[in-house]
Amino acid sequence: KVLLKSVSKKMSPRSAKAKGRKLQTWVVEKLLSVFKRLTPLDVRSTPMGVNGVDVQLSSLAYRKFPYNIECKNTERMRTIYNYYEQAISHDLIDKDGEPLLILKMNRQKPLVVVDAEHFIELVDEILFFTLLLRGMVYYATHDTDVLIASGTKSITNDYNNKVTIH
């Protein structure tokens with residue numbers, strides 16, 4: 001009688017680096033697709049083994065997406081994904097909600113887990129509205145005569161047919 005042990009095959013360092021590089025590349029491509037004015041010179045994947053962030057951002061890119069990006073492509077987070085799946089299952093109740101997972105360990109700050117594509121697009125929307133508000137403030141503080149002459153404000157539809165106040 002022969003006893004067979006289950007052998008968990010450990011990933012080679014070369015394969016692990018390739019797996020990590022693949023995630024870094026995905027992040028770079030996603031950022032470039034959302035932030036259209038950025039170029040591959042603004043958002044670059046850091047070579048494996050180099051200290052620091054995994055995705056390097058130029059100063060322009062960092063102003064648009066102010067995050068220090070660390071990428072981990074591992075199977076050791078299965079429990080987190082199970083918890084996130086539970087958040088996704090709540091979509092049956094409230095179809096408009098975006099799944100959001102908040103994690104906390106003893107003596108650690110709470111962390112938020114949200115879909116990466118959703119997060120990157122959310123940052124882009126926040127930047128858009130921040131710039132829009134800055135423009136409105138500038139207009140209101142520099143062209144007050146024009147603003148008063150036009151009846152203080154006007155309401156129009158923008159290119160997405162959403163109401164905007166000018």
*Taking all non-hydrogen atoms of both residues into account, name the closest pair between L32 and T39 and its distance.*
CD2-O, 3.4 Å
_Strictly below 4.0 Å, N to O, side chains only: are E85 and R78 in salt-bridge contact?_
no
*Quick check: are there more than 12 heavy atoms from other residues, nucleotides or ligands sitting under 6.0 Å from OH of Y84?*
yes
*Short side-chain donor-acceptor distance under 3.5 Å, T79 and N82*: no
*Kindly work out whether a path of hydrophobic side-chain contacts (I/L/V/M/F/W/Y, heavy atoms less than 4.5 Å apart) joins V28 to M48.*
no
_L31 side chain near I69 side chain, heavy-atom distance below 4.5 Å_ = yes
*May I ask you to decide if H118's main-chain N or O and E98's side chain share a donor-acceptor pair within less than 3.5 Å?*
no
*Under a 4.5 Å side-chain heavy-atom rule over Ile, Leu, Val, Met, Phe, Trp and Tyr, are V27 and V114 clustered together?*
yes
*Would you give the length of the straight line joining atom CG of L111 to atom CD1 of I102, rounded to the nearest 0.5 angstrom?*
10.0 Å
*For the side chain to side chain contact (heavy atoms under 4.5 Å, CB included) test, which of I120, V43, T25 pairs with K30?*
I120
*Report whether F65 and Y62 are members of the same hydrophobic cluster (ILVMFWY, side-chain heavy atoms less than 4.5 Å apart, transitive linking).*
yes
_Can you tell me how far apart CG (N73) and NZ (K19) are? Round to the nearest 0.5 Å._
5.0 Å
*Answer yes if V123 and V112 sit in the same cluster of Ile, Leu, Val, Met, Phe, Trp and Tyr residues linked by side chain heavy atoms under 4.5 Å apart, and no otherwise.*
yes
*asked:* Whether the side chain of D54 engages the backbone of C71 through a donor-acceptor N/O pair (distance < 3.5 Å, no angle test) should be reported.
replied: yes
*Just by modelled atom types, is the W26 backbone N or O under 3.5 Å from a matching donor or acceptor in the K22 side chain?*
no
_Assigning hydrophobic clusters by single linkage (Ile, Leu, Val, Met, Phe, Trp, Tyr; side-chain heavy-atom cutoff under 4.5 Å), is I88 placed with I80?_
yes
*Give, for atom CE of M105 and atom CG of L103, the distance between the pair rounded to the nearest 0.5 Å.*
10.0 Å
*asked:* Taking V55's backbone N and O only, do any of them form a donor-acceptor pair with S45's side chain (distance below 3.5 Å, no angle check)?
replied: no
*Can you establish whether the number of heavy atoms outside K109 located under 6.0 Å from its atom NZ is more than 12?*
no
*Nearest-0.5 Å distance, CG of residue L127 to CG of residue L122*: 11.5 Å
